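Accompanying notes for the structure given below.
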Amino acid sequence: MSDRSVKHVVVAGGGTAGWVTATALVRHMGPLIDITLVESDEISTIGVGESTVPTFKTFHNLMGIKEDAFMSAAQATIKLGIEFRNWGRIGDRYIHPFGTIGRRWSWMADFHHFWLHARARGFGGELNEYCLEWAAGEANRMSAGPPIAPSHAYHIDAASYTRFLRGLAEPAGVKRVEGKIRHVALAPESGFIEVIELESGARIEADLFIDCTGFRSLLLGQALGVGFEDWGRWITTDRAVAVQSRSVHPPQPYTSAIAHEAGWRWRIPLQHREGNGFVFCSQSMSDDEAQARLMAEIDGEPVVDPWLVRFQTGMRVQSWSRNCVGLGLAGGFIEPLESTSIHLMMAAVTRLIEDFPFNGCTDALVNRFNEKSRQEYENIRDFIILHYHITERDDSDFWRHCRTMELPDSLKERLALWREDARAYQMPHELFRVDSWASVLLGQRARPHGYHHLARMMPEQQLRDELARMRAEIAELVEAMPSHPDFLRAYCPAEEPDFQRSRPAEIALSG
Ligand SMILES: Cc1cc2nc3c(=O)[nH]c(=O)nc-3n(C[C@H](O)[C@H](O)[C@H](O)COP(=O)(O)OP(=O)(O)OC[C@H]3O[C@@H](n4cnc5c(N)ncnc54)[C@H](O)[C@@H]3O)c2cc1C
């Protein structure tokens, strides 16, 4: 496509995606490239995106970020999983935990087959007793180990987090330019982006442009005309009302996702406040009703005005086109039920660094990047559709549609395998593990007809003993952990923020 070597990179946008990208580029390749980040003080960031997954920690480790310093700066709490309420049936509750459930014996079948076999024989207890993260979450405990180190992610304050990253990136060499982009100029022959022009008249040239302008997708979507693939036929939620409130409970180490008749509500506990949101399908509920419901259901006093966000689930047909890569919301969005957006941008930046186009944006590099992006997105899409589809709820048109909708073939195949004999798998480049699929399927009452016969290979008394020992070990470990609030106070206390800010009433954006 182009043999133009890449020396100067522009990151357009200074939300979470922009600063994550700029920080990662400068930390990994600072001396090799020049990085300029352009952001507009007039255009606010989306202001949500506060629940993460464990790859966030891995990404920070790669960047050499100290956990306690980051947690204090970002008001962070620990996340050991997600609590789902009212999903299978109204009144149901389960946790999708981040850790391993049970263990893998030398037989080539996953733990849940042995557990299903035990349950069929009348013993085996509950699945949550076999997972440290699940049990610690229920007990509101946490320890950063060793010897006890649960797999974890975080709840973060989005604005504090971007400030924290900016504090790392600018001293390391990222040049920040404040200004509103008014035009993106393309080279007449190649169609590559040559320069972005700001309202001030300033012109910024670069060899590679990273579009982090949010749902507007100014560069990839608008200037290069890369289309948006809409997945709204499967994931019909398309709006959210968000509000922040003072904490009135000790922070729990998990996100709550509480289903309602037209979507679900989130609760994200930080050290001094909670993030709350009401995700809904605009065909099934009005904006006013969603806002009224959210405000009635939050526990603490609101510290900002509620704001409305419109969104579409889907992705850009190409994540990388010519000399432009779209990251964060500019590249795509899957509704936030499993908190996967920040993961997707971090995974993409990591791949971009691994395959950095020092010698130009060649077809081979671009195709490889786009193929992997699509796999990552589609696997997550299927996992989210699963939550909506596997339900016995019949109390609204919304849930009746979810239960009966036509599924993508990829998910149909997975479900057929599960229903037959509880087979679950993790694809290459897939975020969610077998344990994730199993915990959601079992948590939402998708009982398989059978299970792997290898589970019958273990003598019954041995299985009883092994399971009992595992449950006891986990209970003992959890008992030895400090409470999550005590852990936060000792490890990463955050100052109480100034709650005097407010937000515009609506951020009307879409893909
Ligand atoms: C309802 C909802 C809930 C979510 N919850 C989660 C979650 O729990 N976990 C998770 O991982 N993700 C979540 N997300 C996604 C998450 O919010 C985003 O991935 C994350 O905030 C990154 O956003 P961004 O940086 O791509 O875009 P934005 O935050 O929108 O930032 C865009 C940037 O571009 C700049 N910009 C735009 N236009 C111009 C212009 N013309 N000139 C100059 N600059 C410009 C803006 O100033 C801003 O700095 C959620 C999203 C939604 C909609």
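Predicted, not measured: the structure shown is a model, and the values here were computed from it. As the structure lists them, so they are numbered: ligands from 1, and atoms in each ligand from 1.
Close approach of ligand 1 to Gly328 is summarised as follows: ligand atoms under 4.0 Å from at least one heavy atom of the residue are 26 (O). Residue contact check: Ala17 has heavy atoms under 4.0 Å from atoms 22 (C), 24 (P), 25 (O), 26 (O) of ligand 1. Listed by number with element, the atoms of ligand 1 under 4.0 Å from a non-hydrogen atom of Ser51 are 7 (C), 8 (O), 9 (N), 10 (C), 11 (O). Ligand 1 places these atoms under 4.0 Å from at least one heavy atom of Glu50: 7 (C), 8 (O). Under a 4.0 Å criterion applied to the non-hydrogen atoms of Ala240, ligand 1 contributes the atoms 1 (C). Within ligand 1, counting atoms from 1 as listed, the ones closer than 4.0 Å to a heavy atom of Thr45 are 29 (O), 48 (C), 49 (O). Atom numbering of ligand 1 starts at 1 in the shown order; those under 4.0 Å from a heavy atom of Leu218 are 38 (N), 39 (C), 40 (C), 41 (N). Every atom of ligand 1 with a heavy atom of Pro336 under 4.0 Å away is listed here by number and element: 2 (C), 3 (C), 4 (C), 5 (N), 6 (C).
Around CD of Glu178, the count of heavy atoms belonging to other residues, nucleotides or ligands within 6.0 Å exceeds 12.
At under 3.5 Å, not a single nitrogen or oxygen of Val309, backbone or side chain, sits near a nitrogen or oxygen of ligand 1. Close N/O approach between Leu329 and ligand 1 is found [any backbone or side-chain N/O within under 3.5 Å]. Annotation: Val48 places an N or O atom under 3.5 Å from an N or O atom of ligand 1; distance criterion only.
Between Lys372 and Glu376 there is no salt bridge, since no side-chain nitrogen of the basic residue lies less than 4.0 Å from a carboxylate oxygen of the acidic one. With respect to the salt-bridge test (charged N to carboxylate O, under 4.0 angstrom), the residues Glu50 and Arg273 qualify.
Heavy atoms of Gly277 come nearer than 4.0 angstrom to ligand 1 in no pair at all. Using a 4.0 Å cutoff on heavy atoms, Thr52 does not count as a contact of ligand 1. Within the 4.0 Å heavy-atom cutoff, Trp266 counts among the residues contacting ligand 1. By the 4.0 Å heavy-atom criterion, Ala12 is excluded from the residues contacting ligand 1. For Met345, the closest heavy-atom approach to ligand 1 falls below 4.0 Å.
Of the listed residues (Cys212, Gly275, Gly18, Ser40), the one carrying the non-hydrogen atom nearest atom 33 (C) of ligand 1 is Cys212. Taking only non-hydrogen atoms, the option from Ile181, Asp41, Thr162, Val38 nearest to atom 42 (N) of ligand 1 is Ile181. Summarising the contacts of atom 38 (N) of ligand 1 with Leu37, Val177, Ile43, Leu219, the nearest heavy atom is found in Ile43. The closest heavy-atom contact to atom 43 (C) of ligand 1, among the options Gly13, Gly14, Gly179, comes from Gly179.
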What donor-acceptor contacts under 3.5 angstrom involve side-chain atoms of residues 76-85, with partners at least two apart or in another chain?
unit_1, atom_1, unit_2, atom_2, d
Thr77, OG1, His155, ND1, 2.8
Thr77, OG1, Pro269, O, 2.6
Lys79, NZ, Ser51, OG, 2.8
Lys79, NZ, Thr52, O, 2.9
Lys79, NZ, Ser339, OG, 2.9
Glu83, OE1, Arg85, NE, 3.4
Glu83, OE1, Ser256, OG, 2.6
Glu83, OE2, Arg85, NE, 3.3
Glu83, OE2, Arg93, NE, 2.6
Glu83, OE2, Arg93, NH2, 3.2

What pairs of donor and acceptor atoms, side-chain ones from residues 194-206 against any protein atom, are under 3.5 angstrom apart with sequence neighbours left out?
unit_1, atom_1, unit_2, atom_2, d
Glu197, OE2, Arg203, NH1, 2.9
Ser200, OG, Ala202, N, 3.2

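The six-membered or imidazole ring of Phe192 lies away from that of Phe209, with a centre-to-centre distance of 6.0 Å or more.
In this structure, Arg393 forms no cation-pi arrangement with Trp87, as its terminal cationic atom is not both closer than 6.0 Å to the ring centre and no more than 45° off the ring axis.
Inspection of the Ser282 and Asp287 side chains reveals no N or O donor paired with an N or O acceptor under 3.5 Å. Using modelled atom types, one finds a donor on one side chain and an acceptor on the other under 3.5 Å when comparing Trp264 with Glu335.
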Report task. Please report the C-alpha distance between Arg316 and Glu229 in whole Å, then the side-chain angles of each, then the deciding distance to 0.1 Å, and finally whether the salt bridge (Lys or Arg N to Asp or Glu O under 4.0 Å) criterion is met. Result -> CA-CA 6 Å; Arg316 293 278 152 201; Glu229 190 172 308; over 6 Å; no
Requested in this report: In sequence, state the C-alpha distance, the side-chain angles, and the governing distance for Arg310 and Asp238, and then conclude on salt bridge (Lys or Arg N to Asp or Glu O under 4.0 Å).
Outcome: CA-CA 6 Å; Arg310 296 162 199 262; Asp238 57 359; over 6 Å; no
Report task. Apply side chain to side chain contact (heavy atoms under 4.5 Å, CB included) to the pair Trp231 and Ile334, showing each step before the final yes or no. Result -> CA-CA 9 Å; Trp231 293 335; Ile334 299 177; 4.2 Å; yes
Query - Stepwise side chain to side chain contact (heavy atoms under 4.5 Å, CB included) test for Ile181 and Val38 - result: CA-CA 8 Å; Ile181 300 166; Val38 185; 4.2 Å; yes
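Contact annotation: for Glu42 versus ligand 1, there are no heavy atoms closer than 4.0 Å. When non-hydrogen atoms are compared, ligand 1 lies under 4.0 Å from neither the backbone nor the side chain of Val279.
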